[in-house]
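Following: one structure in structure tokens, then a few remarks.
Residues: numbered from 1 along the sequence shown.
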Amino acid sequence: MFSTVAQVARVNPFSAPHFQLGQENVTLRKNSTAQVQPVRRLAAAAVPEGEYSCEYGSAQFYAMCGFGGILSCGITHTAVVPLDLVKCRIQVDPQKYKSIFNGFSVTLKEDGVRGLAKGWAPTFIGYSMQGLCKFGFYEVFKILYSNMLGEENAYLWRTSLYLAASASAEFFADIALAPMEAAKVRIQTQPGYANTLRQAAPKMYAEEGIWAFYKGVAPLWMRQIPYTMMKFACFERTVEALYKYVVPKPRSECTKGEQLVVTFVAGYIAGVFCAIVSHPADSVVSVLNKEKGSTAVEVLKRLGPKGVWKGLTARIIMIGTLTALQWFIYDSVKVYFRLPRPPPPDMPESLKKKLGLTQ
């Protein structure tokens with residue numbers, strides 16, 4: 001299993017390191033005596049005893065990370081329900097809802113201010129469950145894969161590690177999200193179908209059975225897995241770059257507030273890229289959940305190359321803000337509960353010696 005993971009990491013085009021560990025390129029110092037280095041996980045940080053409320057990688061740590069995910073995703077997605085509603089309507093009926101401002105105008109005329117809050121309940125429940133799995137399982141898989149790769153390879157192929165861990169977490173997160181996402185889209189895009197989750201869920205089950213809630217899970221994977229891979233990998237590497245090239249002092253010397261500002265900025269940058277890579281699949285999900293009996297392939301063919309990009313501007317604004325706030329809330333939860341918050345990874349001392357970077 002380790003060989004498979006290592007092979008996938010080496011062929012990943014996103015994370016080729018600046019150097020290889022090939023023996024022909026590494027000259028070990030012959031007269032140096034091998035020293036035992038303390039084991040340090042990629043994401044673990046050396047901290048004074050008693051500073052944190054739990055051990056990094058413990059069950060309590062994972063549980064609190066999951067709770068942070070619930071807050072970060074549930075609150076933020078519910079807060080942008082009006083923009084999400086207009087975005088979905090642009091995707092499924094571009095003739096009627098021609099732009100963001102036109103979409104808001106038409107919705108206000110037809111449904112009033114309360115109409116902009118349609119779908120808030122399934123949004124809050126669904127994305128809270130997704131956040132629990134997304135952030136909680138990400139920490140689980142990141143540590144798991146890091147231990148499988150070993151300290152040196154985990155550092156060299158850290159972007160591949162972030163991509164693999166986030167993809168694994170999102171697979172399970174979307175299964176938790178799918179039922180509420182299907183109900184949300186029906187409420188938001190089919191006028192007169194249902195106004196609340198209590199009305200929509202029984203009606204959907206009566207029409208199509210349990211399939212009504214899970215027929216969109218495959219398109220959700222198409223949308224959310226690339227989105228989440230970009231969200232976590234881009235965020236992790238952007239934080240690393242900001243502390244290395246922008247922030248004028250080491251992370252350890254920054255206040256908690258300054259660290260959270262870096263978190264917000266990195267989150268917004270990651271969010272813009274997330275919106276772009278996941279938008280075509282998002283368009284398919286919106287149309288698919290609105291229509292009965294359609295398949296993802298049929299919807300994709302009907303929308304065409306131009307149709308799948310409808311509503312992109314609204315999605316960039318929504319997802320950029322959303323992702324920044326999610327990371328800010330998630331990191332704030334870690335600060336409040338005194339959870340381990342690892343600094344950007346450093347090259348292991350053993351690797352520095354192999355590369356001749358230290359005496």
Side-chain angles (χ1 to χ4, degrees), residues 14-19 38 40-48 51-53 56-57 61 64-65 68-69 71-73 76 134-135 138-139 142-143 146 151-152 154-163 165-166 227-277 316-317 319-349 351-352 355 357-358:
F14 294 97
S15 60
H18 295 296
F19 39 78
R40 179 181 183 273
R41 292 190 184 100
L42 171 68
V47 297
E51 181 178 340
Y52 293 147
S53 62
Y56 182 77
F61 173 77
M64 295 310 299
C65 287
L71 293 181
S72 67
C73 291
T76 53
K134 185 199 296 275
F135 284 92
Y138 173 70
E139 300 289 354
K142 184 166 69 170
I143 293 176
S146 177
E151 184 183 23
E152 293 178 358
Y155 174 80
L156 285 174
W157 306 104
R158 57 194 181 280
T159 304
S160 295
L161 175 65
Y162 303 145
L163 291 169
S166 56
Y227 164 87
T228 302
M229 291 171 72
M230 182 66 71
K231 174 180 181 175
F232 282 86
C234 185
F235 172 80
E236 298 267 22
R237 294 308 297 260
T238 301
V239 167
E240 189 177 333
L242 288 175
Y243 279 114
K244 187 175 182 179
Y245 300 110
V246 179
V247 180
K249 54 186 176 180
R251 181 182 184 271
S252 58
E253 297 178 12
C254 296
T255 65
K256 291 293 190 295
E258 291 170 339
Q259 292 176 16
L260 289 174
V261 169
V262 173
T263 295
F264 184 87
V265 172
Y268 208 103
I269 293 171
V272 172
F273 289 100
C274 288
I276 295 172
V277 301
I316 285 177
I317 296 171
I319 296 299
T321 305
L322 208 65
T323 305
L325 289 174
Q326 283 177 0
W327 279 113
F328 183 84
I329 293 171
Y330 180 65
D331 220 20
S332 297
V333 169
K334 284 188 170 183
V335 170
Y336 181 80
F337 289 105
R338 297 187 298 112
L339 301 181
R341 297 173 59 248
D346 292 324
M347 184 183 296
E349 289 298 321
L351 186 58
K352 290 180 180 178
L355 297 171
L357 299 179
T358 58

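- Between the Gln326 side chain and the Thr76 main chain, no donor and acceptor come within less than 3.5 Å of each other.
- Met64 has its side chain out of reach of Lys334: every pair of non-hydrogen atoms, C-beta onward, lies at least 4.5 Å apart.
- Scanning both residues, Ser166 and Met229, for their nearest heavy atoms gives OG-CA, 3.2 Å.
- Closest heavy-atom contact between Cys274 and Ile319: CB-CG2, 4.0 Å.
- Take Lys134 and apply the side chain to side chain donor-acceptor pair (under 3.5 Å) test, not counting sequence neighbours, and it matches Glu170, Thr228.
- In plain terms, the two heavy atoms of Cys65 and Leu339 that are nearest each other are N-CD1, 4.3 Å.
- In this structure a side-chain-to-backbone donor-acceptor pair under 3.5 Å is present from Glu258 to Thr255.
- Scanning for salt bridge (charged side-chain N to carboxylate O under 4.0 Å, His left out) contacts around Lys256 gives an empty result, with sequence neighbours left out.
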Please walk me through it: do Leu260 and Ser332 pass side-chain contact (heavy atoms from CB on, under 4.5 Å)?
CA-CA 7 Å; Leu260 289 174; Ser332 297; 3.8 Å; yes
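- A donor-acceptor pair is defined here as one N or O able to donate and one able to accept, closer than 3.5 Å; such a pair exists between the side chain of Ser53 and the backbone of Phe337.
- In this structure, the side-chain contact (heavy atoms from CB on, under 4.5 Å) partners of Phe273, at least two apart in sequence or on a different chain, are Met230, Cys234, Ile269.
- Proximity of a side-chain donor or acceptor of Gln259 to a complementary backbone N or O of Arg251 within less than 3.5 Å is detected.
- Between Lys142 and Phe232, the closest side-chain pair of non-hydrogen atoms is not below 4.5 Å.
- In this structure, the side-chain contact (heavy atoms from CB on, under 4.5 Å) partners of Thr263, at least two apart in sequence or on a different chain, are Phe235, Trp327, Asp331.
- In terms of heavy-atom proximity, Tyr52 sits nearest to Arg341 at OH-N, 3.8 Å.
- Between Arg237 atom CZ and Leu242 atom CG the span is 12.0 Å, to the nearest 0.5 Å.
- Not a single donor-acceptor pair under 3.5 Å links the side chain of Thr323 to the backbone N or O of Gly320.
- Across every non-hydrogen atom of Val239 and Ala266, the tightest pair is CG2-CB, 3.5 Å.
- The side-chain heavy atoms of Leu325 and Phe264, taken from C-beta on, include a pair separated by under 4.5 Å.
- Residues satisfying the side chain to side chain donor-acceptor pair (under 3.5 Å) criterion with Tyr330, sequence neighbours excluded, are Glu139.
- Here the closest heavy-atom approach between residue Gly69 and residue Phe135 is recorded as CA-CD1, 3.6 Å.
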Is there a side-chain contact (heavy atoms from CB on, under 4.5 Å) between Val265 and Val246 once you walk through the steps?
CA-CA 12 Å; Val265 172; Val246 179; over 6 Å; no
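- Side-chain contact between Tyr243 and Cys254 is present, with heavy atoms from C-beta onward closer than 4.5 Å.
- For NZ of Lys352, the number of neighbouring non-hydrogen atoms (other residues, nucleotides, ligands) closer than 6.0 Å is greater than 12.
- For Phe61, the ring-ring contact (aromatic ring centres under 6.0 Å, His included) partners at least two apart in sequence or on another chain are Tyr56.
- Residues Pro345 and Arg158 form a side-chain contact, since some pair of their non-hydrogen atoms from C-beta on lies under 4.5 Å apart.
- Inter-residue side-chain proximity for Ser72 and Val333 is flagged as unmet; no heavy-atom pair is nearer than 4.5 Å.
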